Amino acid sequence: MNRNRIAFQGELGANSHEACQAAFPEMDPVPCATFEDAFEAVRSGDCQLGMIPVENSIAGRVADVHHLLPSSGLRIIGEHFKPIHFQLMANPGVRIEDLKSVASMPIALAQCRGVITRLGLTRESVSDTALAARRLSEHPDRTQAAIAPALAARLYGLEILERDIEDTHNNTTRFLIMTADANAPAPAAGVKCVTSFVFRVRNLPAALYKALGGFATNGVNMTKLESYMENAAFTATFFYSEIDGRPEDAPVARAFEELQFFSERFEILGVYPADPYRAQVV
């Protein structure tokens, strides 16, 4: 296992790259074309860790990631919340009045609608914010801008014309930190933790209601519950969930015992320290 590499999905200069730098500045970030590639880079030992976005405060959950988590063979050992800021950038010497179009990924374009409309720019969609910056660097165009993180401007030699142009300034993405190390150390005693798990309820009347009842009666705070289809079946029987606490906590242990009684599948994906950012937004 390479101990000094962390995988992420996207181009160098993307928000996921910035998240890697913020959380693990000592590690070498490794860009991957797809989420599957990022998971495989960790699973194969090419990278020690993976930095995987799972949800955004505006756009919602990241498509496909939760489907990959249970079958990845990886463990969640941490989380990282990253405030998202977008910069309007162009080739050196270009002025705002020269611009006619702007390129970025669709979500970024949507979240910067105000500035784009004010400047009267035509939108061009690409698959990654940093890819828009890289292409503009490789093919200079005085009439085009890119919307990307500040890191992309530094990496690709672009100039930032307007900073923090997102319409909503509390835009935040949550990342999960993944490892293939089955013997990764558990969180230190006394640290506030989150437990992520998946389950599939048994085919019984009110099985979900009964399965979740133990969390309420034992005072366990469930912070996330999401359903997914499995094998193209139109039945929402597969669930991803997160709770406050650890499996060895007595209330959590009792709640899990009741959950498993009404479930045909149950798997803990990770127990990890809660990011301090959670306390800032309560």
Side-chain angles (χ1 to χ4, degrees), residues 3 6-8 15-16 18-27 39 42 48-62 65-66 68-70 72-85 169-199 211-227 239-260 263 266-282:
R3 292 286 177 183
I6 181 168
F8 69 93
N15 280 301
S16 294
E18 285 193 336
C20 292
Q21 285 194 333
F24 300 96
E26 75 285 358
M27 299 186 75
F39 278 104
V42 181
Q48 180 188 3
L49 300 176
M51 180 71 73
I52 307 297
V54 289
E55 57 193 329
N56 176 266
S57 59
I58 296 176
R61 71 187 185 194
V62 177
V65 169
H66 289 85
L68 296 172
L69 288 174
S72 69
L74 306 182
R75 293 179 55 206
I76 306 169
I77 59 169
E79 63 176 357
H80 176 72
F81 287 80
K82 181 187 184 303
I84 302 299
H85 298 292
H169 295 292
N170 62 351
N171 186 2
T172 305
T173 295
R174 177 176 176 245
F175 293 81
L176 294 179
I177 302 162
M178 314 289 295
T179 183
D181 185 0
N183 299 312
V191 173
K192 183 178 180 180
C193 287
V194 176
T195 297
S196 294
F197 58 97
V198 292
F199 66 97
L212 298 181
F215 296 96
T217 56
N218 287 285
V220 177
N221 185 31
M222 179 172 286
T223 58
K224 183 177 294 296
L225 178 65
E226 297 182 341
S227 61
F239 296 89
Y240 172 87
S241 185
E242 295 175 354
I243 59 169
D244 291 339
R246 310 171 187 234
E248 59 266 30
D249 297 339
V252 175
R254 290 193 294 268
F256 277 168
E257 182 179 6
E258 191 162 342
L259 172 69
Q260 291 177 76
S263 300
F266 170 77
E267 180 183 355
I268 293 176
L269 302 181
V271 182
Y272 48 95
D275 190 307
Y277 182 87
R278 288 177 177 265
Q280 300 175 22
V281 295
V282 171

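This one's a predicted model, so the numbers in the text were calculated from it and none came from an experiment. Values below: all heavy atoms of this structure, side chains included; hydrogens, waters and symmetry mates excluded.
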Between Leu49 and Ile77, is there a side-chain heavy-atom distance shorter than 4.5 Å? yes
Measuring from Phe175:CZ to Asp275:CG, what's the distance to the nearest 0.5 Å? 11.5 Å
Would you compute the distance between atom NZ of Lys82 and atom CG of Asn56 and round it to the nearest 0.5 angstrom? 10.5 Å
Residue set satisfying ring pair (Phe, Tyr, Trp, His ring centres under 6.0 Å) with Phe24, at least two apart, ordered chain then number -> none
Who passes side-chain contact (heavy atoms from CB on, under 4.5 Å) against Ile268, sequence neighbours left out? Thr195, Phe197, Pro247, Phe256, Phe266, Val271
Considering all heavy atoms of both residues, which atom of Met51 and which atom of Ala23 are nearest to each other, and what is their separation? CE-CB, 3.8 Å
When rounded to the nearest 0.5 Å, the distance separating OG of Ser196 from OH of Tyr272 is 2.5 Å
Roughly how far, to the nearest 0.5 Å, is the CG atom of Leu68 from the OG atom of Ser72? 7.5 Å
Per-pair distances, 0.1 Å, donor-acceptor, side chain in residues 183-192, under 3.5 Å, sequence neighbours excluded:
none

Shortest non-hydrogen contact between Leu176 and Leu69, atoms and distance: CD1-CD1, 4.2 Å
Salt bridge (charged side-chain N to carboxylate O under 4.0 Å, His left out) partners of Arg174, counting only residues at least two apart: Glu55, Glu79, Glu242
CD1 (Ile84) and CG (Asn170) are apart, to the nearest 0.5 Å, by 11.5 Å
Quick check: does any side chain N or O of Ser241 sit under 3.5 Å from a backbone N or O of Lys224, one acting as donor and the other as acceptor? yes
Between Val42 and Ala7, what is the shortest heavy-atom contact and its length? CG2-CB, 4.3 Å
Those residues that, when tested against Phe81, pass ring pair (Phe, Tyr, Trp, His ring centres under 6.0 Å) (two or more places apart): Tyr277
From Tyr240 OH over to Leu269 CG, what is the distance, rounded to the nearest 0.5 angstrom? 6.5 Å
Less than 4.5 Å apart, any side-chain heavy atom of Thr173 and any of Asn15? no
Considering only heavy atoms from C-beta outward, does the side chain of Ile76 approach that of Met178 to under 4.5 Å? yes
Can you pull the side chain to side chain donor-acceptor pair (under 3.5 Å) pairs that have at least one residue in residues 249-258, sequence neighbours excluded? Asn218-Arg254
Hey, is the main chain of Thr172 close enough, under 3.5 Å, to the side chain of Ser57 for a donor-acceptor pair? yes
